[in-house]
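Indexing begins at 1, ligand by ligand and atom by atom, following the structure's order. This structure is a prediction, so every number in the text was calculated from the model and none was measured.
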Amino acid sequence: MERVKCLILGGGPAGFTAAIYASRANLSPVLYEGIQPGGQLTTTTIVENFPGFPDGVDANTLMDAMREQAKRFGASVRQGTATAVDLGKRPFKVVIDGETELEADSLIIATGAQARYLGLPSEEKYKGSGVSACATCDGFFFRKKTVAVVGGGDTACEEALYLAGLAKKVYMIVRRDVFRASRIMQEKVLAADNIEVLWNCNTQEVLGDGFGVTGARLLRKDGTVFDIAIDGFFLAIGHTPSSALFAPWLTLDAAGYIVTEGKTSCTSVPGVFAAGDVQDPRYRQAVTAAASGCMAARDAEKFLIEQNS
Ligand code: NDP
């Protein structure tokens, strides 16, 4: 059975940054990319807010560059997804794709999170051409346009307020007659001149012209069906962290995010570290994920030095 000093699960900004730091620290990391090589970022097109790219950078190009940078320092980057883990004792045991077993002296979990979508075929069709689950990533493309945000939680309010600063008009599509968001966020939304809340509404279909989004067909609870004209359709109905595999072993919060100690990447099991969106319900940015990947590699390095001394 292969034994590795530092095993990294997840091929997004957190995982690759952890691999860059761990390889430069001579930990010979092995990284498995998981189901979505390149991570969530690859569901968007141009990344305009990653520092160092004044003209923006294609998301896949950015992730390919991170992968190459990790390989350059000796990280072994592989295709595969962890399907079973035993974190009960060290070395940890990890099974990849149900067949390859590895032992790991330290483990960095950077498996990310998945934005929730409504599950409409029309929504799927326009993903990346008007449908987005990240206003901070894609809002800038909708300057002076009309957009809709689905959801009534803190994220939806935050995204609507962010978009209201860029777009001409923002609709919020809320399925009940109340927000779930905190009072302060609700008040801010209701005070914004260019946000209109459509209460008791569910989206039946995202409308488009084959190239991009042109509207949405909504069903109000009273049975009325009506269309709104929009250029962008933003989902903010929550995220699901990819942490189920680790639930029997690690402390997770009520929403399933891996709990880390203070300002570290340490989980409830010594030697297991978490980085990126799987432990971050709040910031969820490529640059914050990358930063936490760096922290996890440094924490793993320190842990391994302490174990050997
Ligand atoms: P939440 O679970 O809090 O809210 C999800 C929202 O989406 C709810 O309004 C929910 O409606 C709605 N929704 C869910 N499914 C559907 C659907 N299928 N169709 C239409 N609407 C749907 O998720 P958030 O991402 O907003 O927040 C997650 C956590 O992060 C919360 O604890 C939040 O407080 C926190 N957070 C804090 C922030 C801050 O402090 N600045 C910023 C962002 C998030 P319903 O209410 O009817 O269930």
Side-chain angles (χ1 to χ4, degrees), residues 40 43-44 49 112-127 131-139 147-165 170-192 195-207 213 215-228 230 232-244 251-260 263 274 276-289 292:
Q40 267 192 97
T43 63
T44 183
N49 54 11
Q114 299 291 325
R116 287 195 205 122
Y117 287 84
L118 298 173
L120 304 169
S122 53
E123 175 192 55
E124 187 62 34
K125 180 172 174 187
Y126 291 108
K127 256 188 208 171
V131 172
S132 165
C134 179
T136 323
C137 318
D138 299 325
V147 297
V149 176
V150 185
D154 278 321
T155 303
C157 289
E158 211 170 62
E159 307 250 293
L161 288 163
Y162 178 78
L163 289 166
V170 180
Y171 289 106
M172 279 189 82
I173 304 170
V174 180
R175 67 178 173 183
R176 293 188 290 152
D177 60 354
V178 286
F179 281 124
R180 180 181 289 273
S182 52
R183 173 73 53 188
I184 185 163
M185 295 303 281
Q186 300 189 21
E187 284 169 1
K188 282 186 185 171
V189 162
L190 296 172
I195 301 180
E196 180 181 340
V197 183
L198 302 170
W199 301 107
N200 292 313
C201 285
N202 273 301
T203 308
Q204 280 193 327
E205 201 181 342
V206 178
L207 306 173
V213 170
R217 179 154 302 149
L218 308 184
L219 169 65
R220 198 178 276 126
K221 259 197 191 130
D222 63 9
T224 323
V225 176
F226 63 102
D227 292 352
I228 52 171
I230 50 170
F233 184 80
F234 287 86
L235 282 308
I237 59 172
H239 284 75
T240 308
S242 304
S243 61
T251 303
L252 309 183
D253 72 9
Y257 289 90
I258 296 176
V259 174
T260 51
K263 291 182 179 175
D277 288 11
V278 74
Q279 52 83 56
D280 175 16
R282 186 164 179 147
Y283 298 105
R284 298 194 292 248
Q285 300 301 300
V287 70
T288 51
S292 71

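Nearest heavy-atom pair across V259 and L252 is CG2-C, 3.7 Å. Taking all atoms of both residues into account, the shortest heavy-atom contact from M185 to A181 is CB-CB, 4.3 Å. Contact record, G276 with S292: N-OG, 2.7 Å, taken as the closest heavy-atom pair.
Between E158, R284, M172, it is E158 that holds the heavy atom closest to atom 39 (C) of ligand 1. Of the options I237, T155, D177, the smallest heavy-atom separation from atom 24 (P) of ligand 1 is shown by T155. The residue from R175, R116, R282 that puts a heavy atom closest to atom 15 (N) of ligand 1 is R175.
D277 is not listed as a side-chain neighbour of H239, based on a closest heavy-atom distance of 4.5 Å or more. A 4.5 Å side-chain heavy-atom check between Q285 and N49 finds at least one atom pair inside the cut-off.
In terms of polar-atom proximity, defined here as any N/O pair under 3.5 Å, P281 makes no such contact with ligand 1. For R180, a nitrogen or oxygen atom sits less than 3.5 Å from a nitrogen or oxygen atom of ligand 1, counting backbone and side chain alike. Considering backbone and side-chain atoms together, G151 places no N or O closer than 3.5 Å to any N or O of ligand 1.
Set against the non-hydrogen atoms of G153, the atoms of ligand 1 under 4.0 Å away are 4 (O), 6 (C), 8 (C), 9 (O), 26 (O). Each of the atoms 17 (C), 18 (N), 19 (N) of ligand 1 lies under 4.0 Å from some heavy atom of L118.
In this structure, the protein non-hydrogen atom closest to atom 47 (O) of ligand 1 is R176 NE, 2.7 Å. Regarding atom 36 (N) of ligand 1, its nearest protein heavy-atom neighbour is D154 CB, 3.7 Å. Summary of contacts: the protein heavy atom closest to atom 9 (O) of ligand 1 is G152 N, 2.9 Å. In this structure, atom 23 (O) of ligand 1 lies nearest to the protein heavy atom G238 CA, 4.0 Å.
By the criterion of a heavy-atom distance under 4.0 Å, neither the backbone nor the side chain of T203 is placed next to ligand 1.
No side-chain donor-acceptor contact under 3.5 Å links R282 and T288.
Rounding to the nearest 0.5 Å gives a distance of 8.5 Å between CG of L235 and NZ of K127.
Atom 20 (C) of ligand 1 is approached by the protein to below 4.0 angstrom, counting heavy atoms only. Shown here, atom 42 (C) of ligand 1 is in close reach of the protein: a heavy atom of it lies under 4.0 Å off. By the definition of a contact as any protein heavy atom under 4.0 Å away, atom 32 (O) of ligand 1 is not in contact.
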Fill in: D227 vs R217, salt bridge (Lys or Arg N to Asp or Glu O under 4.0 Å): CA-CA, chis, key distance, verdict
CA-CA 4 Å; D227 292 352; R217 179 154 302 149; 2.7 Å; yes
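For the side chain to side chain contact (heavy atoms under 4.5 Å, CB included) with L218, the lone residue among V150, N202, I173 that qualifies is I173.
Heavy-atom neighbours of F226 CZ from other residues, nucleotides or ligands within 6.0 Å: above the threshold of 12.
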